[in-house]
Amino acid sequence: MNLREDWQFRGLVHQTTDDTVLERLSAGGLTGYIGFDPTAPSLHLGSLMQICLLRRLQLAGNRPIALAGGGTGLIGDPSFKDAERPLLDAERLAANVEGIREQLSQFLDFSASAGASKALLVNNADWLTTISLTDFLRDVGKHFTVNQMIAKEAVRSRLERDDVGLSFTEFSYMLLQAYDFLRLHQDYDCTLQLGGSDQWGNIVTGVELVRKVTGHSVHAITSPLLVNADGKKMGKSEGTTQRVWLDATMTSPFAMHQFLLNTDDASTPSRLRCFTFLSHDEIRELDESIKSAPQERRAQRALADAVVSFIHGEAAARAAQRAGDALFSETIDELDEATLLAVMGDAPSSTWSREELGDGVSATEMLVRCGLAKSRGEARRFVEQGGVYVNNRRLASDPEATIDLSRALHDRYLVLRRGRHELHLVVAG
RNA sequence: GGGUCGGUGCCCGAGCGGCCAAUGGGAUCUGGCUGUAAACCAGACGGCUUUGCCUACGGGGGUUCAAAUCCCUCCCGGCCCA
């Protein structure tokens, strides 16, 4: 099984500059890079595809470069965005780059033992913040005409809209990214850039720049953007309620596991291919299980286990698994105290005074203070609609309902749930 | 700088003096059906001490018994001209 066959099976390739790249990658020994935007202190599931691509590259004996966009982040990529991006200040950006560096270092092999395919992490702020404007315009800008730049699909919609514009700053973004490729080619002999299919325009601009400046031909591979069954980009602001972050303190392993477990049937095969390193046979078998026994959701379970293991480790994946099983398929009041705490370990919790709970606290009040409702009005609505559960038993849909210690598990714990998924552990102090 | 069009709830977008917390769509949320899914159906969707009150239609000021709606001014954006 070589890389080309594997990538084709997994559907990782959307477009390439030429057919031979995949063959050459299969042979190993190339250097390829992917850029990561430091828009937040953590990467999220939307970047998992890119992370896996770099890893696959490395496993096949190539050198992966992860490029943190500390410089391009100062500008903001306008590709297919429908409005001007707010600028991030340099300090936040630097902090974000740091966070991302740390995360990426877990997924690639940066040790000397990797030899020629030892991964590299670079920050384009190193060159983008130091090059002079006139040098940039002469050495980079001179190679492109505005005519071809405005013809790019990625910016077209912004140019055609009559309510928002495209600032010169954002318009210049593609040149900065092109310059990155040139630098990586010159400094590290990098001959390949990968990215999502929305990056095609930016990437080929880089390919062109390298050719014009050095005469060398370098390559591009884009991968399809994964969408949910409803056509929305996954992992962006969608998901259950928020983005699914890779940082365990921002999105708990349990929440991530749940998110993946809830993947709809139609999207599961492609996610298994892109986000896991399972063998082709295993994947085919899981595909089959979706058709033959969808209610078992073996494929979703395998996906959730594999991804959480990859990101947070096997122990975290097992814990998330157990927590889900306990919370959704057993009666929670049968759990012993240690198990209950382990299961609820990921969920937010709060400590309440015994006296207060003894007297009974109104359900709406409790929902608001636990952060399960944004306002009393919303809390009242949840109760009225029957969306509130204590220890997995639905609360009477009475807005005056109160909750007291008599329901507590082990005389201290109340598992408060709102709707299907939002949990909170109330502890009597 | 000049002209012109526009800025409404999470987003899009109606309203153009009282019947407006503001039509409609999307998103989201809750419930039902299910498989902790999708689709579908029903409901909710500014806040509160909830038969009422408060805050909101870019900011400020004004006219009026009454303004998202009229006037002035400022800020922001699009387009055209310079």
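Numbers restart at 1 for each chain; the letters A, B, ... are given by sequence-line order, proteins then strands. A quick note: this is a predicted structure, and the numbers were derived from the prediction, not measured.
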Step-by-step side-chain contact (heavy atoms from CB on, under 4.5 Å) determination, A:H424 to A:M366: CA-CA 10 Å; A:H424 188 99; A:M366 190 178 273; over 6 Å; no
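- For B:G15 and B:C19, the C1' atoms lie 13 Å apart once the distance is rounded to whole Å.
- Rounded to whole Å, the distance from CD on A:Q385 to C1' on B:U30 is 4 Å.
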For nucleotides 9-11 of chain B, print each protein N/O atom paired with a nucleotide N/O atom at under 3.5 Å, atom names and distance only.
none

Is there any protein nitrogen or oxygen under 3.5 Å from a nitrogen or oxygen in nucleotides 49-53 of chain B, and what are the pairs?
residue : atom : partner : partner atom : Å
B:U49   : OP1  : A:R376  : NE           : 3.1
B:U49   : OP2  : A:R376  : NE           : 3.4

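- In this structure, A:H257 contributes its side chain and A:V308 its backbone to no donor-acceptor pair below 3.5 Å.
- Atom P of nucleotide B:G35 and atom CG of A:D265 are separated by 12 Å, given to the nearest angstrom.
- As rounded to the nearest Å, B:G6 and B:G58 have C1' atoms that lie 11 Å from one another.
- Residue A:R301 places no side-chain N or O under 4.0 Å from the OP1 or OP2 atom of B:A37.
- Between A:S375 and B:G46 there is no side-chain N or O to OP1 or OP2 distance below 4.0 Å.
- Here the side chain of A:Q295 is nearest to one of B:C29, B:U36, B:G35, namely B:G35.
- Counting only heavy atoms from C-beta outward, the side chains of A:F107 and A:Q58 never approach each other to under 4.5 Å.
- The neighbour count for A:D19 CG, taken as heavy atoms of other residues, nucleotides or ligands under 6.0 Å away, does not exceed 12.
- Surrounding CZ of A:R354 are more than 12 heavy atoms belonging to other residues, nucleotides or ligands, all under 6.0 Å away.
- The shortest distance between the side-chain N/O atoms of A:R418 and the OP1/OP2 oxygens of B:U30 is below 4.0 Å.
- Rounded to whole Å, atom P of B:A44 lies 17 Å from atom NZ of A:K374.
- Remark: RNA chain B takes part in the stems B:1-7 with B:75-81, B:10-12 with B:24-26, B:28-32 with B:40-44, B:46-48 with B:52-54, B:58-62 with B:70-74, each of 3 or more antiparallel Watson-Crick or G-U pairs, criterion distances under 3.5 Å.
- Atom CD of A:E91 sits in a sparse spot, with 12 or fewer heavy atoms from other residues, nucleotides or ligands closer than 6.0 Å.
- Among the heavy atoms of the strands, none lies under 4.0 Å from A:E384.
- A salt bridge links A:R284 with A:D281: at least one charged nitrogen is closer than 4.0 Å to a carboxylate oxygen.
- Residue A:N392 holds its CG atom at 8.0 Å from CG of A:L423, rounded to the nearest 0.5 Å.
- Distance check on atom C1': B:C57 versus B:C70 gives 16 Å, rounded to whole Å.
- Between A:Y389 and the phosphate of B:U36, there is no side-chain N or O to OP1/OP2 separation shorter than 4.0 Å.
- Spacing between B:G77 and B:C20 at atom C1', rounded to whole Å, works out to 27 Å.
- A donor-acceptor pair is defined here as one N or O able to donate and one able to accept, closer than 3.5 Å; such a pair exists between the side chain of A:D247 and the backbone of A:T249.
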